[in-house]
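If you read the sequence from its start, that first residue is 1, and numbering goes on from there.
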Amino acid sequence: MKKIKYHIFKIIQIGSKEDLPSRLFDYFIVVMIFLNLFATIFMTFDESKPYTGMLNIIELITSVIFAVEYGFRLWTAEYLYPDKNKFVATIAFIFSFYGLIDLLAFFPYFLPFVFASGAVAFRIFRVIRIFRLFKINAQYDAFNVITDVLKEKRNQLISSMVLILILLVASSLCMYSLENEAQPDVFNNAFSGIWWATSTMLTVGYGDIYPITIGGRIMAILISFLGVGVVAIPTGIISAGFVEHYTQMKRNDEINDGISKFVTSQVEPDHPWCSKALKEIVFPPDMAPVMIVRKGEMIKPQKDFVLKVNDVLVFEPGNHI
C-alpha cells in the first residue's frame, strides 16, 4: 500500500520530462481547469441556454475530479512534508497556499448542495473558482519566474506600497480640508478624499468627484504629478527584478558552456548528498551551488530541491551560501 501511495504522490506532483505518467496528469489537470472555466464563463451568455445541461455536466465532472485530486493530495501529504508526521503534514498542506487553492477549486461548487436553503447566497463563492488558474502555475516551473521575482523584491515592493498609502492618506486629508466647505455633499468625509486620490493616482480619474476651488485644483495638479512617479515605482522594481533574473539565466547559459572558473560535482548513487534536500547539505566553505543540471536541464537551486543520482552541481568558488 505504501508503494502505491508513494507512486500516486509522484504522479500528482509536477512531472519531469522523463516521468511520463506525472506529465500526462499535469496536462490532464490543465485541460480540466480550462474546461471548467469555459463552462463557467460560457454560462453567463444567453447563447448558452440550449447547452445548459451539458455545461452543468462539465462543471460537475471537473469539480469531482478536482475534489478527488485534493483527496489524493491530502492522503499523500506526508511525502510532501517528510520532516513532519502524517497529521501535521496533512494540516500543513490544508493551510498551504496551493492547498487552499485546490480546495477553492471545487468547494464552492458543492457549497449550495450542502446548504440548499441558502443556495442563492452561496453562489457568490463560486466566483472564487477563478483561483484555480493558480493551479496552472503549480504545473509549470516557467510560471514560477513571476513568484520568484516577487519574493526576491518583496521588501522593496512593501516599501513602495507603504509610500503610496502615505501619499493617498495625505492627499485625501488635504483635499478634504480644501474642498469640504465648497462642496460638502461631495467631499463629506476623509473617505471621499481617499476615493478621489485613488482614482486620480491609479487611473485617469472617473470624473464623479473633482475639486472646484483654486487651492483644490492646485493640489490636484501636484498630486497627479506625484502619483505618476510614485505609482511607477513598483513597476520599476518588478521590471528590474525580471532583468536580474534573465541576466542570471544568461549567466547560467555561460555556466553550461563550461567556463573554467566553475567547479562541477556529480551525485553518485553512494554519494552522501543523494536523496537529500539542499537545505540539509553542508557545502564546502565559501562555495554554494549556482546551478543544478539534471539530464541536460538547468535548474535554479532551491532550498527544498532534492538531489538525485547523476545530478550535476555547479559551484562558483567564493560564492557564499
So how far is it from [X] [atom1] to [Y] [atom2], rounded to the nearest 0.5 Å?
{"X": "S275", "Y": "L307", "atom1": "OG", "atom2": "CG", "value": "8.5 Å"}
{"X": "I91", "Y": "K86", "atom1": "CD1", "atom2": "NZ", "value": "12.5 Å"}
{"X": "K151", "Y": "L157", "atom1": "NZ", "atom2": "CG", "value": "14.0 Å"}
{"X": "L226", "Y": "M219", "atom1": "CG", "atom2": "CE", "value": "9.5 Å"}
{"X": "L55", "Y": "K49", "atom1": "CG", "atom2": "NZ", "value": "13.0 Å"}
{"X": "K84", "Y": "L80", "atom1": "NZ", "atom2": "CG", "value": "10.0 Å"}

Are more than 12 heavy atoms from other residues, nucleotides or ligands located less than 6.0 Å from atom [atom1] of [X]?
{"X": "Y51", "atom1": "OH", "answer": "no"}
{"X": "K276", "atom1": "NZ", "answer": "no"}
{"X": "I214", "atom1": "CD1", "answer": "no"}
{"X": "Y81", "atom1": "OH", "answer": "yes"}

Taking all non-hydrogen atoms of both residues into account, name the closest pair between [X] and [Y] and its distance.
{"X": "V88", "Y": "N85", "value": "N-OD1, 2.8 Å"}
{"X": "P50", "Y": "E47", "value": "CD-O, 3.3 Å"}
{"X": "G216", "Y": "M175", "value": "O-CE, 3.4 Å"}
{"X": "C274", "Y": "V309", "value": "SG-CG2, 3.6 Å"}
{"X": "P211", "Y": "W196", "value": "CD-NE1, 3.7 Å"}
{"X": "P184", "Y": "N188", "value": "O-CB, 3.0 Å"}

When you group the ILVMFWY residues by side-chain heavy-atom contacts below 4.5 Å and let the links chain together, are [Y] and [X] in the same group?
{"X": "F95", "Y": "F87", "value": "yes"}
{"X": "Y176", "Y": "I221", "value": "no"}
{"X": "I166", "Y": "I223", "value": "no"}
{"X": "V64", "Y": "L37", "value": "yes"}
{"X": "I94", "Y": "F72", "value": "yes"}

inquiry  = Given F66, which partner from the list D102, I61, N36 fulfils the side-chain contact (heavy atoms from CB on, under 4.5 Å) test?
reply    = N36
Donor-acceptor under 3.5 Å ([X] side chain, [Y] main chain):
{"X": "N56", "Y": "T52", "result": "yes"}
{"X": "S171", "Y": "A197", "result": "no"}
{"X": "R73", "Y": "Y70", "result": "no"}
{"X": "E179", "Y": "T213", "result": "yes"}
{"X": "T62", "Y": "E59", "result": "yes"}
{"X": "K5", "Y": "W75", "result": "yes"}
{"X": "Q183", "Y": "Y210", "result": "yes"}
{"X": "D311", "Y": "K308", "result": "yes"}
{"X": "S22", "Y": "I11", "result": "yes"}

task = Check the pair R294 / F305 against side chain to side chain contact (heavy atoms under 4.5 Å, CB included), numbers first and verdict last.
result = CA-CA 12 Å; R294 174 176 291 174; F305 186 86; 3.3 Å; yes
request  = Go through E69 and M32 one step at a time and tell me if the side chain to side chain contact (heavy atoms under 4.5 Å, CB included) criterion holds.
outcome  = CA-CA 12 Å; E69 180 204 10; M32 292 299 104; over 6 Å; no
Are any non-hydrogen side-chain atoms of [X] and [Y] less than 4.5 angstrom apart?
{"X": "L278", "Y": "I292", "value": "yes"}
{"X": "P301", "Y": "L313", "value": "no"}
{"X": "V243", "Y": "S239", "value": "no"}
{"X": "L167", "Y": "L163", "value": "no"}

task = Could you check F28 against L24 for side chain to side chain contact (heavy atoms under 4.5 Å, CB included), going step by step and ending with a plain yes or no?
result = CA-CA 6 Å; F28 172 73; L24 290 176; over 6 Å; no
message = Before we go on, tell me: are the rings of Y6 and Y79 under 6.0 Å apart, centre to centre?
response = yes
query = Hey, mind stepping through S96 and L100 against side chain to side chain contact (heavy atoms under 4.5 Å, CB included) and telling me if it holds?
reply = CA-CA 6 Å; S96 67; L100 293 173; over 6 Å; no
